[in-house]
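Reviewing the structure listed below.
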Amino acid sequence: MSTPRLAVFDMDGTLLDSVPDLAACSRELLEICHLPPLTDTEVRTMIGNGVPALVKRVLNAGREKQQAITAQPYVLPFTEAEAVQRFMELYTPRATQLSRLFPGTQRALGRLKDAGWLLAVCTNKPEVAARRILDDFGLTSLFAAIGGGDSFAAHKPDPAHLLGTIKQAGGEVSRSVMIGDMPPDYGAATGAGVKFVFAAWGYGASALAAQADGQAASMADIPSALHALLPA
């Protein structure tokens, strides 16, 4: 009997519209640092490579705005590592206050489970935050593995992150598909030898669709897109 097919989902921009809470916490961090705020649209362009990268981009953008106003160099009042810790202290308790699952997510996941697929999450978001979000939406039990950005020694686009998630879920590379919206998702999939479906509703540029093995316009289209790539 063959190994069940495995659908591995990115989180931010794929399962979850997380911009509202990430942007709100970014503004709180900037306020602590006495830096100008960023809009949701600005923060959206900074998501995809994990919290340390997001915090660095947010602080750099805040510094640039501040220096444009004052023409004076700005010195961060604490280290970037401390800034990441403060961001997580702000974000983890409120990760689902404003964020929402993309329309059709729960139904699509249920259809895949009913068809015998294993499900997993491979996100650059820290695992504790990813689990908190899935718990809040009542989805945790659907997933055979949740590979956060700090769950393994590497994170997307390093294929080791995706390969570790697949192994943890009990899947096989040849029977797995990665669903995501950003270059780190595509990079991890191609590096691991896994088929990639572009989530066209997410935060990534549409040009990525041309490199993907398949694409879907919405979560409702994911089951049929996956069945086309990996028939039973």
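For clarity, every value in this text was computed on a predicted model and none was experimentally measured.
A ring-ring contact (aromatic ring centres under 6.0 Å, His included) check over residues 49-81, counting only residues at least two apart or in different chains, returns nothing. Sorted by first and then second residue, the ring-ring contact (aromatic ring centres under 6.0 Å, His included) pairs with a member in residues 208-232 read Trp117-His227; sequence neighbours excluded. Applying the salt bridge (charged side-chain N to carboxylate O under 4.0 Å, His left out) test to pairs two or more places apart or on separate chains, those with a residue in residues 22-32 are Arg27-Asp40, Glu28-Arg94. For residues 44-55, the set of pairs meeting the side chain to side chain donor-acceptor pair (under 3.5 Å) definition, not counting sequence neighbours, comprises Asn49-Arg57. Sorted by first and then second residue, the salt bridge (charged side-chain N to carboxylate O under 4.0 Å, His left out) pairs involving residues 178-191 (not counting sequence neighbours) are Lys156-Asp185.
How far CG of Leu119 is from CZ of Phe143: 5.5 Å, rounded to the nearest 0.5 Å. Taken from CD1 in Ile179 to CG in Asp10, the straight-line distance is 9.5 Å, to the nearest 0.5 Å. From Leu134, atom CG reaches atom OG1 of Thr140 across 5.0 Å, with rounding to the nearest 0.5 Å. Residue Asp150 holds its CG atom at 10.0 Å from CZ of Phe152, rounded to the nearest 0.5 Å. Rounding to the nearest 0.5 Å places CG of Leu22 at 5.5 Å from CG of Asp12.
Not counting sequence neighbours, the partners of Glu127 by the salt bridge (Lys or Arg N to Asp or Glu O under 4.0 Å) test are Arg131. The side-chain contact (heavy atoms from CB on, under 4.5 Å) search around Thr70 returns Gln66, Gln72, not counting sequence neighbours. Legend: residues meeting side-chain contact (heavy atoms from CB on, under 4.5 Å) with Glu172, ordered by chain and number and at least two apart, are Thr3, Ser174, Arg175. In this structure, Ser224 has no side-chain hydrogen bond (donor to acceptor under 3.5 Å, both in side chains) partners at least two apart in sequence or on a different chain. In terms of the side-chain contact (heavy atoms from CB on, under 4.5 Å) criterion, residue partners of Asn60 (sequence neighbours excluded) are, by chain and number, Lys56, Arg63. Among residues two or more places apart in sequence or in another chain, the salt bridge (Lys or Arg N to Asp or Glu O under 4.0 Å) test is passed with Glu42 by Lys65.
A side chain to side chain contact (heavy atoms under 4.5 Å, CB included) with Leu59 holds for exactly one of Val84, Leu76, Leu54; it is Leu76.
Hydrophobic clustering (side-chain heavy atoms under 4.5 Å, transitive across Ile, Leu, Val, Met, Phe, Trp, Tyr) groups Leu109 together with Leu229. Residue Phe87 is grouped with residue Ile32 when hydrophobic side chains (ILVMFWY) are merged at heavy-atom distances under 4.5 angstrom, including chains of intermediate members. Both Met182 and Leu101 belong to a single network of hydrophobic side chains, linked directly or stepwise wherever heavy atoms of I, L, V, M, F, W or Y lie under 4.5 Å apart. No chain of hydrophobic side-chain contacts below 4.5 Å, direct or via other Ile, Leu, Val, Met, Phe, Trp or Tyr residues, connects Val43 to Leu98.
Counting only distance, with no hydrogens or angles, the side chain of Thr96 and the backbone of Ile133 share no donor-acceptor pair below 3.5 Å. Of the possible donor and acceptor atoms, none in the side chain of Thr92 sits under 3.5 Å from a partner among the backbone N and O of Glu89. At least one donor-acceptor pair closer than 3.5 Å links the side chain of His161 to the backbone N or O of Gly148. Using modelled atom types, one side-chain atom of Asn124 and one backbone atom of Gly48 make a donor-acceptor pair closer than 3.5 Å. Using a distance-only test at 3.5 Å, with no hydrogens or angles considered, a donor-acceptor pair links the side chain of Arg5 to the main chain of Leu230.
Val19 places a side-chain heavy atom less than 4.5 Å from the side chain of Tyr203. Looking only at side-chain heavy atoms (C-beta outward), Lys125 and Tyr91 come within less than 4.5 Å of each other. You'll find the side chain of Phe9 reaches within 4.5 Å of the side chain of Leu112, heavy atoms only. Residues Phe137 and Leu16 form a side-chain contact, since some pair of their non-hydrogen atoms from C-beta on lies under 4.5 Å apart. For the pair Gln106 and Leu139, the minimum side-chain heavy-atom distance is below 4.5 Å.
Nearest heavy-atom pair across Pro36 and Gly62 is CD-O, 3.5 Å. Closest of all the heavy-atom pairs between Ser18 and Ser99 is CA-OG, 3.3 Å. Pro159 and Ala192 make their closest contact through CB-N, 3.5 Å (heavy atoms, listed as atom of the first residue, atom of the second, distance). Contact record, Asp158 with Ala160: OD1-N, 2.8 Å, taken as the closest heavy-atom pair. Shown here for Ala216 and Asp221, the closest heavy-atom pair between the two residues is CB-CB, 3.9 Å. In plain terms, the two heavy atoms of Ala129 and Met88 that are nearest each other are CB-CE, 4.0 Å.
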Practice item. Apply side chain to side chain contact (heavy atoms under 4.5 Å, CB included) to the pair Gln211 and Thr190, showing each step before the final yes or no. Key: CA-CA 10 Å; Gln211 300 170 276; Thr190 55; over 6 Å; no
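If you chain together ILVMFWY residues whose side-chain heavy atoms come under 4.5 Å of each other, Tyr186 ends up grouped with Leu6, Val8, Leu118, Leu162, Leu163, Ile166, Val173, Met178, Val194, Phe196, Phe198, Leu208.
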